[in-house]
Amino acid sequence: MKPLVSIVCIAYNHEPYIRECLESFVAQKVNFPIEILVNDDCSKDNTAVIIREYEQKYPDIFRCVYQKENQYSKGVHPWFDILFPMAQGKYIALCEGDDYWTDPMKLQKQIDVLEKDETLVGCYTNYCHVDSQGKKRYEKSPSVMVGQKIGRISLRDFFDNNTAYPTASVVFRNDHAEEVKQKTRHMKNPFLGDWVLWIALHCFGDFYYLDEVTSAYRFNPTSVTHTQWVENRVGRIKMEFDLQPRIADVLPEEYADIAADLRNTKWVWLPLAKAYFKNKQYVRMMGALIVYFVKNPRAIFPLSKKVWHKLLRKSKK
């Protein structure tokens, strides 16, 4: 029977975490068929051994790829170039090998939403933060919780709220695959693979936000994304000055005003200020903030509100 949902998982040196991740997939309680696609990118530990264990135990739903050479280092994207083309499902659900799902009804809840409204392209939820040992850092992610409305999220909402959807919480329609791939490739950036995917998908419809915690994001200090971010915070953000006009190129005509803003790179100055703050370059941080507010004066109030919420949370600890 053809699966309704294809669960896509990429793994690399995730031996301490991959079992919890795969177990959360097979624990899903659904009334529809699923398949689980896993790509091991030539892990140097026992990640592949554990994946094979699950593939042998659940041969009807697991389809796995075991790379003999690391493909990410060659510029091959495991989602777009390997797993997405394999996906047979009407929907694709994402989760990386060091994250996991916390709610056994996650998929059922999200598919129920998407099946009722064909104009929705995807659905995401809140999530919790855990450390490398699995201990919770946040019961709910503050980045999603503050100022986030429940329900339909348009591309305009996405940009207005500077939204980043939690990757492990996302389910989206497996439609327009080639067009989404082309748009994503045009926006290609080594740091923002998931973020540009959300933009490409949004070109074909809205997302829906469920304010429930269904997944866990693991703060893994050895992950490629984290090490790249820490080692080159400012460089990562400066790359966005080139990325923003390319994002503008793929947007539908009705978002011409957002495209114009992107070509002015007005959104990049805030994350650049944050990067300077993390690097303790406070003078440059203030300069970037001033430019951001000059270019985007409407952001003063929502940003102040977000900072106030964070200060309140810290004061309660």
Side-chain angles (χ1 to χ4, degrees), residues 3-11 21-22 24-25 28 30 32 34-39 77-80 83-84 86-87 89-129 140-141 143-145 148-155 157-159 161-177 180-181 183-184 187 189 191-218 223 225:
L4 184 70
V5 177
S6 298
I7 301 171
V8 167
C9 177
I10 55 177
C21 174
L22 300 181
S24 73
F25 298 163
Q28 289 295 300
V30 294
F32 47 79
I34 65 171
E35 66 174 353
I36 301 171
L37 311 178
V38 186
N39 179 75
H77 198 292
W79 284 351
F80 303 105
L83 295 179
F84 286 0
M86 292 173 56
K90 180 180 177 181
Y91 301 97
I92 290 177
L94 299 176
C95 189
E96 298 186 359
D98 52 351
D99 299 330
Y100 60 96
W101 294 343
T102 60
D103 184 351
M105 298 300 294
K106 173 192 183 294
L107 287 183
Q108 188 68 59
K109 291 174 181 177
Q110 293 180 287
I111 296 304
D112 285 346
V113 169
L114 293 170
E115 286 282 87
K116 289 177 183 177
D117 189 344
E118 294 186 357
T119 66
L120 294 170
V121 73
C123 179
Y124 72 103
T125 73
N126 211 314
Y127 67 114
C128 64
H129 274 212
K140 281 188 175 183
S141 170
S143 62
V144 173
M145 189 167 52
Q148 179 63 74
K149 70 177 185 179
I150 299 170
R152 184 179 288 269
I153 307 295
S154 70
L155 182 56
D157 295 324
F158 180 89
F159 283 112
N161 296 318
N162 195 26
T163 309
Y165 302 153
T167 303
S169 81
V170 171
V171 178
F172 62 90
R173 293 186 190 276
N174 190 16
D175 297 333
H176 311 288
V180 168
K181 181 178 180 179
K183 288 178 182 292
T184 306
M187 298 181 284
N189 183 292
F191 299 104
L192 298 169
D194 53 356
W195 192 73
V196 296
L197 174 59
W198 313 148
I199 294 172
L201 288 167
H202 256 302
C203 290
F204 301 98
D206 295 343
F207 272 69
Y208 193 94
Y209 172 58
L210 288 174
D211 189 22
E212 300 182 32
V213 173
T214 68
S215 61
Y217 168 76
R218 192 184 304 274
S223 70
T225 302

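Heavy-atom basis, side chains included; hydrogens, waters and symmetry copies ignored.
When side chains are defined from C-beta on, V30 does not count as touching L4, because their heavy atoms never get closer than 4.5 Å. Side-chain contact between P166 and Y217 is absent, with no heavy atoms from C-beta onward closer than 4.5 Å. Contact of the Q28 side chain with the W101 side chain is registered, since non-hydrogen atoms from C-beta on lie closer than 4.5 Å. Within the 4.5 Å cutoff, no side-chain heavy atoms of V5 are placed close to those of Q110. Looking at heavy atoms from C-beta onward, I7 lies in side-chain contact with L107 at the 4.5 angstrom threshold. Counting only heavy atoms from C-beta outward, the side chains of L94 and D194 never approach each other to under 4.5 Å. Contact of the I36 side chain with the C9 side chain is not registered, since no non-hydrogen atoms from C-beta on lie closer than 4.5 Å. Within the 4.5 Å cutoff, side-chain heavy atoms of E96 are placed close to those of W79.
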Run the side-chain donor-acceptor check on residues 200-208: report pairs under 3.5 Å with partners two or more places apart or on a different chain.
unit_1 : atom_1 : unit_2 : atom_2 : d
H202   : ND1    : G205   : O      : 3.1
H202   : NE2    : Y165   : OH     : 2.7
D206   : OD2    : R152   : NH1    : 3.0

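For E35, the side chain to side chain donor-acceptor pair (under 3.5 Å) criterion is met by S6, R63, not counting sequence neighbours. A search for side chain to side chain donor-acceptor pair (under 3.5 Å) contacts involving D99 returns nothing, not counting sequence neighbours. With sequence neighbours left out, K183 forms a side chain to side chain donor-acceptor pair (under 3.5 Å) with no residue at all. D175 is linked by a side-chain contact (heavy atoms from CB on, under 4.5 Å) to R173, counting only residues two or more places apart in sequence or in another chain. Scanning for side-chain contact (heavy atoms from CB on, under 4.5 Å) contacts around E115 gives K90, Y91, I111, with sequence neighbours left out.
The heavy-atom pair separating C21 from G97 by the smallest distance is CB-O, 3.7 Å. Summarising the geometry of V171 relative to K106, their closest heavy-atom pair is CG2-NZ, 3.7 Å, with the distance given to 0.1 Å. Smallest separation of non-hydrogen atoms from V213 and C128: CG1-N, 3.7 Å. Considering every non-hydrogen atom in both P78 and N39, the closest pair reads CB-ND2, 3.8 Å.
Taking the six-membered ring where tryptophan is involved, the planes of F84 and F80 are perpendicular, since the angle between them exceeds 60° and thus also 30°.
To the nearest 0.5 angstrom, Y124 atom OH is 15.5 Å from F172 atom CZ. Considering OG1 of T119 and CG of L114, their distance stands at 10.0 Å, rounded to 0.5 Å. Taken from CD1 in I92 to CG in N174, the straight-line distance is 4.0 Å, to the nearest 0.5 Å.
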For V121 and W198: C-alpha separation, side-chain torsions, deciding distance, then whether side chain to side chain contact (heavy atoms under 4.5 Å, CB included) applies. CA-CA 10 Å; V121 73; W198 313 148; over 6 Å; no

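The side-chain hydrogen bond (donor to acceptor under 3.5 Å, both in side chains) test with T214 is passed by exactly one of T102, N126, T125: T125.
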